[in-house]
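Residue numbers begin at 1 in each chain, while the letters A, B, ... track the order of the sequences.
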There are 2 protein chains.
Amino acid sequence: MRGFCPVAVGRFRPTTVRPVETVIAEVLAANQAFYDAHERRDADAMAAVWEHSDRTVCIHPGWPILRTSAPILDSWRRIFIGPGRTQFIITNEAVSVDGDLAWVTVEENIVDAGATGTVAATNVFARHADGRWLMVLHHGSPVMG
Amino acid sequence: MRGFCPVAVGRFRPTTVRPVETVIAEVLAANQAFYDAHERRDADAMAAVWEHSDRTVCIHPGWPILRTSAPILDSWRRIFIGPGRTQFIITNEAVSVDGDLAWVTVEENIVDAGATGTVAATNVFARHADGRWLMVLHHGSPVMG
């Protein structure tokens with residue numbers, strides 16, 4: 001795995017020292033939960049992945065910017081009731097953690113009904129007081145051949 | 001301006017209390033410096049905008065993921081010596097600050113030589129000990145008509 005992880009331990013809300021590997025594993029699990037919800041087209045699971053706040057941002061491939069939870073979660077519901085069935089093969093994953101925020105970048109290799117393609121994605125997560133990492137930003141863009 | 005800014009003051013490296021408006025203005029100035037460097041096609045100014053580290057990520061519209069400073073700054077140099085001249089009208093700007101990290105999303109309305117279009121962009125900045133906000137991530141994607 002690539003990615004530089006300057007975890008400043010003292011900046012975590014619980015002041016206990018936690019290994020960098022543990023923190024990275026937590027972020028990667030949150031990231032995987034996002035793709036699991038997407039593959040299953042599960043709006044409730046997708047809602048559980050996201051932070052519910054006014055600072056959230058989602059930019060689907062080719063879409064304009066969506067901000068705040070209600071429009072973002074509504075967009076996922078509309079995507080999930082639409083046609084098609086999406087499977088991802090996630091490659092080229094890297095994670096960086098800085099305090100209570102983390103950014104993950106991946107390539108989403110999409111195996112859709114009859115269509116294939118690659119999307120470059122940025123996923124930003126924020127760590128909450130209860131230890132959960134919740135998505136605050138998702139940005140996907142098609143990679144041109 | 002939209003954007004939710006839960007600035008946890010105690011998490012800033014200097015422990016002095018600083019108004020949220022001041023912090024947001026700093027981030028927006030860093031964001032503007034990025035677009036100024038881009039418009040001027042100034043590779044040195046662009047290098048000054050970015051953090052120089054292994055955790056940096058840049059995804060140009062339609063491009064695959066670039067990571068770490070050397071390939072990212074090289075991509076800007078190649079873009080700047082290429083054809084075309086780019087002007088931006090930045091709209092729909094929002095900034096969120098969380099501790100020493102901030103994410104800005106904007107629409108870049110591009111007025112190029114003979115071409116126009118809109119790019120949705122995510123810009124993430126990290127605050128350094130000397131007070132500078134340096135770019136750690138840029139992701140741009142074309143907005144389809």
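Of the possible donor and acceptor atoms, one in the side chain of Trp103(B) sits under 3.5 Å from a partner among the backbone N and O of Arg55(A).
Side-chain contact between Ile65(B) and Val143(A) is absent, with no heavy-atom pair separated by less than 4.5 Å. His139(B) is not listed as a side-chain neighbour of Ile59(A), based on a closest heavy-atom distance of 4.5 Å or more. Taking the side chain as every heavy atom from C-beta outward, Val124(A) and Leu101(B) never approach each other to under 4.5 Å.
Hydrophobic clustering keeps Leu66(B) apart from Met144(A) (ILVMFWY residues linked when any side-chain heavy atoms are closer than 4.5 Å, directly or through intermediates). Follow the hydrophobic side-chain contacts under 4.5 Å out from Val97(B) and you reach Val20(B) in the same cluster. Using a 4.5 Å cut-off between side-chain heavy atoms of Ile, Leu, Val, Met, Phe, Trp and Tyr, with links allowed through other members, Met135(A) and Leu28(A) fall into the same hydrophobic cluster. Under the 4.5 Å side-chain heavy-atom criterion for ILVMFWY residues, a single connected hydrophobic cluster contains both Phe88(B) and Trp50(B).
Ile89(B) CD1: 12 or fewer foreign heavy atoms inside a 6.0 Å radius.
Considering CG of Asp100(B) and CG of Asp100(A), their distance stands at 10.5 Å, rounded to 0.5 Å. Interatomic distance, CZ of Arg67(A) versus OG of Ser96(B), reported as 8.5 Å (0.5 Å rounding).
The side chain to side chain donor-acceptor pair (under 3.5 Å) test applied to His38(A) returns no partner, not counting sequence neighbours.
If you measure heavy-atom distances from Val119(B) to chain A, you find no contacts under 4.5 Å at all.
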